[in-house]
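To keep things clear, I will list the structure first and then write my remarks on it.
Naming: A, B, ... by sequence-line order, numbering from 1 per chain. Since the structure is predicted, the reported quantities are computational estimates derived from the model, not experimental observations.
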Amino acid sequence: NAGVMQNPRHLVRRRGQEARLRCSPMKGHSHVYWYRQLPEEGLKFMVYLQKENIIDESGMPKERFSAEFPKEGPSILRIQQVVRGDSAAYFCASSRQSSRNTIYFGEGSWLTVV
Amino acid sequence: GQNIDQPTEMTATEGAIVQINCTYQTSGFNGLFWYQQHAGEAPTFLSYNVLDGLEEKGRFSSFLSRSKGYSYLLLKELQMKDSASYLCAVRPLEAGSYQLTFGKGTKLSVIP
């Protein structure tokens with residue numbers, strides 16, 4: 001009964017490199033959400049996706065960040081040309097339907113930009 | 001917009017009862033969630049309230065008053081493993097909005 005799987009758990013990138021974070025939702029879940037948690041801050045919504053569709057990306061920075069959830073395979077959050085301020089924990093969550101009230105979180109991917 | 005306030009830290013004794021409060025100001029409301037998060041781990045769903053009143057689930061209970069914009073999480077018979085951050089989150093009412101707005105979390109330390 002695997003939960004939401006994220007990898008890598010920890011990622012170190014130099015400034016200017018690209019970071020790719022992957023998320024496999026729980027079995028049977030077709031809705032994926034990405035949240036970012038900065039040090040000493042609450043979780044901040046970034047993007048909500050269904051298979052092959054971005055439903056709400058109102059929390060995504062306008063530049064360098066993108067997300068996808070292809071028909072096959074995990075959801076991917078991509079950060080291009082990373083900067084030190086991108087250092088954070090990135091959490092993925094999934095749900096069976098958007099109207100369901102139980103959203104399950106993965107264990108997060110910790111990005112450190114050096 | 002949404003604004004959620006909860007205490008930054010709390011300390012309580014093993015075996016005791018602790019209440020973690022959460023107040024919110026929102027332009028619309030469609031439910032309040034509580035999550036538990038141990039350091040370095042995933043937030044774990046605890047409760048969901050959309051109607052006023054108390055929801056009890058084992059040692060944990062959650063209360064909501066929509067008119068006051070107020071909720072609390074009640075933890076009974078505290079155990080050392082309850083030391084964690086407790087996150088309050090609100091779902092807005094805007095059509096098509098599926099995002100949760102989280103507070104900064106309350107770090108609970110349970111001491112012997």
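Transitive grouping of hydrophobic side chains (ILVMFWY, heavy atoms separated by less than 4.5 Å) keeps L51(B) and L64(B) in distinct clusters. By the criterion of side-chain heavy atoms lying less than 4.5 angstrom apart, applied directly or through intervening Ile, Leu, Val, Met, Phe, Trp or Tyr residues, M5(A) is not grouped with M26(A); the two fall into different hydrophobic clusters. One hydrophobic cluster, built from ILVMFWY side chains closer than 4.5 Å, holds both L54(B) and I17(B). Hydrophobic clustering (ILVMFWY, side-chain heavy atoms < 4.5 Å, transitive): L87(B) and W110(A) are in one cluster. Hydrophobic cluster membership differs between I55(A) and F65(A), with clusters built from Ile, Leu, Val, Met, Phe, Trp and Tyr side chains linked at under 4.5 angstrom.
Remark: L43(A) CG to K104(B) NZ distance equals 13.0 Å, nearest 0.5 Å. Annotation: the span from Y33(A) atom OH to Q99(B) atom CD amounts to 11.0 Å, rounded to 0.5 Å.
The 12-atom threshold is not exceeded at CD of Q81(A), counting heavy atoms of other residues, nucleotides or ligands nearer than 6.0 Å. More than 12 heavy atoms of other shown residues, nucleotides or ligands fall within 6.0 angstrom of atom CD in E41(B).
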Exercise. Apply side-chain contact (heavy atoms from CB on, under 4.5 Å) to the pair F105(A) and Y35(B), showing each step before the final yes or no.
Key: CA-CA 10 Å; F105(A) 280 83; Y35(B) 282 84; 3.7 Å; yes
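The contact between Q37(A) and chain B is made entirely by side chain atoms (from C-beta outward), counting heavy-atom distances below 4.5 Å. Residue L100(B) touches chain A through both its backbone and its side chain, counting heavy-atom pairs closer than 4.5 Å.
No side-chain donor-acceptor contact under 3.5 Å links Y104(A) to the backbone of P43(B).
A 4.5 Å side-chain heavy-atom check between Q37(B) and F91(A) finds at least one atom pair inside the cut-off. Side-chain atoms of F102(B) and F45(A), non-hydrogen and from C-beta on, never get closer than 4.5 Å to each other. Residues Y48(B) and I103(A) are not in side-chain contact: their nearest non-hydrogen atoms beyond the backbone lie 4.5 Å or more apart.
Taking all atoms of both residues into account, the shortest heavy-atom contact from G106(A) to A42(B) is O-CB, 2.8 Å.
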